[in-house]
Protein chains: 2
Amino acid sequence: MSSASILTQHGIKPSLTRMMIYDCLKESNSHPNVEEIYRHLVNQIPTLSKTTVYNTLHLFTEKQIARVVMLKDQENRYDLAGHPHAHFQCLVCHQVYDAELPEESHVPRGFQSFKIVDRSVLFTGTCERCLNP
Amino acid sequence: MSSASILTQHGIKPSLTRMMIYDCLKESNSHPNVEEIYRHLVNQIPTLSKTTVYNTLHLFTEKQIARVVMLKDQENRYDLAGHPHAHFQCLVCHQVYDAELPEESHVPRGFQSFKIVDRSVLFTGTCERCLNP
DNA sequence: TTATAAACTTGTAATCATTACAATATTTTA
DNA sequence: TAAAATATTGTAATGATTACAAGTTTATAA
Ligand SMILES: [Mn+2]
Ligand SMILES: [Mn+2]
Ligand SMILES: [Zn+2]
Ligand SMILES: [Zn+2]
């Protein structure tokens, strides 16, 4: 499905800038931060402002087509919201990998009367590439 | 066991400041940030510097007696490293609750040759208190 | 004890991601 | 076309964290 129609379906007017930021998230599976998205797009959109990248990512997050990846990093990284999955981050090269989300066993004891809407899982360690250089 | 001996056991010289920061983490189960730790202690240690709080928390994290709690917050929150557990953060009041860590089923598919050293789990939603005000 | 070195603590300035906000540009509506 | 709404931009402010050098305390050795 086209980027435009996905944005439209989520109540976001599909401006060129917004589509390109969406495509940037879709094509790269590197969980880019604002700086990386900006640097990637400013070649094609020379007037692009970093504020627009922030605004757009906020809008995407609000409308649930993107999510902030939970990492111990100091800056936010973004991911399309499509399929729930876990992440692995290498402590050596800091690369973020997608991983399957372990099966949800049950609501944790004592949280039956809480409303749980999301579960983030982050594995950390050393990636294969960094183990066998 | 005394704070002093725990610090010593982990190769940290137990200065008064360090013991008090350790006790602050131990006594409060609110996962305090640097600002909160500083404000709590500066009454008792009027010469305390925020840099010292940062330095000490870095040292504690390095020596594995404390950990950074993984949250979507913009600032780091700290926890003693004692017992592995998950967290729940309320999206309304932002309170952080300890939760049991769901049983690890298995290493995620495709990560057999990675070295996984840690797993962080964060539930988000609305806490009981905010659901029934 | 006294001198010297090491370790610890402090204060200030710099950095960096993010937000605030007002100005400009574009698109929509009347 | 004109006015209103929306989108984008640029600059300044904020706030957490880090860098770093200076000061203080503690340990070690003459
Ligand atoms: Mn992902
Ligand atoms: Mn905890
Ligand atoms: Zn790696
Ligand atoms: Zn709550």
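Below, chains carry the letters A, B, ... as their sequence lines are ordered, and counting in each starts from 1.
- Per the geometry, CG belonging to A:Leu16 stands 18 Å off P belonging to C:dA25, to the nearest Å.
- Residues B:Phe123 and B:Tyr97 place their aromatic rings such that the two centres sit no closer than 6.0 Å.
- Spacing between atom CZ of B:Arg18 and atom P of C:dA7 amounts to 11 Å, rounded to whole angstrom units.
- Per the geometry, CD belonging to A:Glu75 stands 12 Å off P belonging to C:dC16, to the nearest Å.
- Between C:dC8, D:dA7, C:dT19, one nucleotide has an atom nearer to the side chain of B:Lys13 than all others, and that is C:dC8.
- In the helix from C:dT1-D:dA30 to C:dA30-D:dT1, the rotation axis of the first five pairs and that of the last five pairs differ in direction by 10°, rounded to 10 degrees.
- No side-chain N or O of A:Gln89 forms a donor-acceptor pair with one of A:Thr124 less than 3.5 Å apart.
- Between A:Phe111 and B:Phe88, the ring planes lie tilted relative to each other; the angle falls in the 30° to 60° range.
- Within a heavy-atom distance below 4.0 Å of DNA chain C, the residues of residues 34-52 of chain B found are B:Thr47, B:Leu48, B:Ser49, B:Thr51, B:Thr52.
- Side chains of B:His94 and B:Asp73: no donor on one and acceptor on the other come within 3.5 Å.
- Side-chain atoms of A:Ser5 and A:Ser2 include a donor-acceptor pair closer than 3.5 Å.
- Considering only side-chain atoms of A:Asn55, the nucleotide from D:dT8, C:dA7, D:dA16 that sits closest is D:dT8.
- When the P atom of D:dT17 is taken as reference, atom CG of A:Asp73 falls 13 Å away, rounded to whole Å.
- B:Tyr54 places its OH atom 13 Å from the P atom of D:dG15, with the value rounded to the nearest Å.
- Partners of B:Ser28 under the side chain to side chain donor-acceptor pair (under 3.5 Å) rule, at least two apart in sequence or in another chain, are B:Ser30.
- Counting heavy atoms from C-beta on, the side chains of B:Leu57 and B:Ile37 come closer than 4.5 Å.
- Rounded to whole angstrom, the span from the CZ atom of A:Phe60 across to the C1' atom of D:dA7 amounts to 13 Å.
- Using cut-offs of 30° and 60° for the angle between ring planes, the B:His58 and B:Tyr54 rings count as tilted.
- OP1 and OP2 of C:dT27 both lie 4.0 Å or more from every side-chain N or O belonging to A:Ser15.
- In this structure, CG of B:Asn33 is placed 13 Å from P of D:dG15, rounded to the nearest angstrom.
- A close approach under 4.0 Å does occur between a side-chain nitrogen or oxygen of A:His58 and OP1 or OP2 of C:dT19.
- Between C:dT18 and A:Asn76, a contact under 4.0 Å exists linking OP1 or OP2 to a side-chain N or O.
- One atom, CG of B:Leu57, and another, C1' of D:dT18, lie 14 Å apart when rounded to the nearest Å.
- Note on B:Asp118 versus A:Lys72: salt bridge recorded, some NZ/NE/NH1/NH2 to OD/OE distance being below 4.0 Å.
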